[in-house]
There are 2 protein chains.
Amino acid sequence: MARLKEFDEDRALDAAIDCFWSRGYEATSVRDLAREMGIGGASLYNAYGDKRSLFARVLERYANGTTRERIARLEASHPPREAIRAFLAEVIDRSLKDPDCKGCLLVNSAIDVAPHDAELGRVVAAYLEEIRAFFQRMVEAANQAGETPRGTDAHALSLHLLGVLMGMRVLARTGARRRTLEAVVRPALELLGRPH
Amino acid sequence: MARLKEFDEDRALDAAIDCFWSRGYEATSVRDLAREMGIGGASLYNAYGDKRSLFARVLERYANGTTRERIARLEASHPPREAIRAFLAEVIDRSLKDPDCKGCLLVNSAIDVAPHDAELGRVVAAYLEEIRAFFQRMVEAANQAGETPRGTDAHALSLHLLGVLMGMRVLARTGARRRTLEAVVRPALELLGRPH
DNA sequence: ATAATTCTGGAGCGACCGCACTAAAATTCG
DNA sequence: CGAATTTTAGTGCGGTCGCTCCAGAATTAT
């Protein structure tokens, strides 16, 4: 029927993730994207539509490969409180390991895309809500196991944890050290109760 | 000696603050700035230098008129724990009142300017450090007054409060409601001890 | 092979970017 | 007043922006 694509759409999307992640939406040009993705401008528009549509695809792939993957992996392999601890510890580790201090693409997008694009804003908010819901599930499970202090409100605590996570991502982007990030997170973890 | 300026530099700077605040650094053009500031392009370059220098002036004026003003006012008029409470409450109120969800210019800049401009990044980090130092002073004063729980670490708690503040600003930018923002903050306030 | 279809690199569109330059207008000095 | 100085509006430079179009290359169905 027709000629086959010469590039791997997923690999190219990963390159696009890196572009938007490190430079932000506005500051990333379509030419930058095409070069880093290893394709021509026409192929980019043919495969993904315009810049904004590509960004939406990038957000989705980032969320699937980073946030959702982490949630699913930790939720399956850890007891509830430890899943939350491991989630935050892993974010700290990855934040410190990244020499570019790129932070979290979702958080960056919440700041510089969401306010100017209501639709993308709702997409970003929905991904953040998934993280919050993970926290809430874990707190509820810990509540039922009697591991948390009496009267722990799972919904309220999940919001606090989400806020702390967002804040940590902001501070990480300014080059915060491990001590700093751990001090930001520690009081939130202590609300979950001391480990056995 | 020479002709006098026809515009008020401070008023023009306020207009520039609004531009950078609502659109971000990259997405704001010098022509946008000149139009909103009510001056010509030549006057802008004559008075403030290039775009980046203007942005540095904007950051300074924003910090003086918003962050430092709030710190000085609340530190002078409230006891230490209430100063922290009032600070966060005021940020929530202003975040909700703003129909554009502009958030905080310093937080926005930490995300989309700091990583690409080391010098401006240090400026932003220094302003955030001023906020953290305010939190630490207040916690230390509350510690000395015996109002806080035993063993409260002022430095560690100030970092947590700063992180929570940053996180709240991110969530506010995605259109979070009052209930959400208050739930994010409440556990941090409870670490300060129950009010009398 | 031929026709049909899709992908590819490259050129180029109009618009806008940050910034610099010029000449006229306005002001304060001698 | 005339000279000096600085701001002003306007114009335009070289470059980049997002995006489109096109001719040719590559592939499959017939």
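Order of the sequence lines fixes the chain letters, A, B, ..., with proteins taken first and strands second; residue numbering starts at 1 for each chain.
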Once you round it to whole Å, what is the distance between [atom2] of [N] and [atom1] of [X]?
{"X": "B:Arg35", "N": "C:dC16", "atom1": "CZ", "atom2": "C1'", "result": "13 Å"}
{"X": "A:Lys51", "N": "D:dG18", "atom1": "NZ", "atom2": "C1'", "result": "8 Å"}
{"X": "A:Phe55", "N": "D:dC19", "atom1": "CZ", "atom2": "P", "result": "14 Å"}
{"X": "B:Tyr45", "N": "C:dC17", "atom1": "OH", "atom2": "P", "result": "11 Å"}
{"X": "B:Leu44", "N": "C:dA20", "atom1": "CG", "atom2": "C1'", "result": "13 Å"}
{"X": "A:Asn46", "N": "D:dC22", "atom1": "CG", "atom2": "P", "result": "15 Å"}

Respond yes when some side-chain nitrogen or oxygen of A:Ser43 is under 4.0 Å from OP1 or OP2 of C:dC7, and no when none is. no

What do the steps show when you test B:Ser22 against B:Asp100 for side chain to side chain donor-acceptor pair (under 3.5 Å), and what is the final call? CA-CA 7 Å; B:Ser22 57; B:Asp100 302 328; over 6 Å; no

As a test of understanding, state which of A:Ile84, A:Leu191, A:Asp153 forms a side-chain contact (heavy atoms from CB on, under 4.5 Å) with A:Val139. A:Ile84

Minimum heavy-atom distance A:Glu75-A:Met138, with the two atoms named: OE2-CE, 3.2 Å

Where is the tightest heavy-atom contact between A:Ile71 and A:Ile131, given as atom of each residue plus distance? CD1-CA, 4.1 Å

Would you check if the distance from the ring center of B:Phe87 to the ring center of B:Phe135 is below 6.0 Å? yes

Are B:His155 and B:His160 close enough that their ring centers fall under 6.0 Å? no

Along DNA chain D (nearest heavy atom to each residue), the more 5'-positioned of A:Asp50 and B:Gly38: B:Gly38

A cation-pi test, strictly: NZ or CZ of B:Lys51 under 6.0 Å from the centre of the six-membered ring of B:Phe20 and no more than 45 degrees from its axis. Yes or no? no

Mind listing the residues from residues 23-34 of chain B sitting with a heavy atom below 4.0 Å of DNA chain C? Number order is fine. B:Thr28, B:Ser29, B:Val30, B:Arg31

Residues in contact with DNA chain C, drawn from residues 115-122 of chain B - heavy-atom cutoff 4.0 Å: none

In terms of side-chain heavy atoms of B:Ala42, which of C:dG9, D:dG18, D:dG10 is nearest? D:dG10

B:Arg94 vs B:Glu90, test: salt bridge (charged side-chain N to carboxylate O under 4.0 Å, His left out). Steps then yes/no. CA-CA 6 Å; B:Arg94 296 189 75 90; B:Glu90 199 170 309; 5.2 Å; no

Before giving the answer on salt bridge (charged side-chain N to carboxylate O under 4.0 Å, His left out), spell out for B:Glu190 and B:Arg186 the whole-Å C-alpha distance, their side-chain angles and the decisive distance to 0.1 Å. CA-CA 6 Å; B:Glu190 288 176 358; B:Arg186 189 172 303 114; 5.1 Å; no

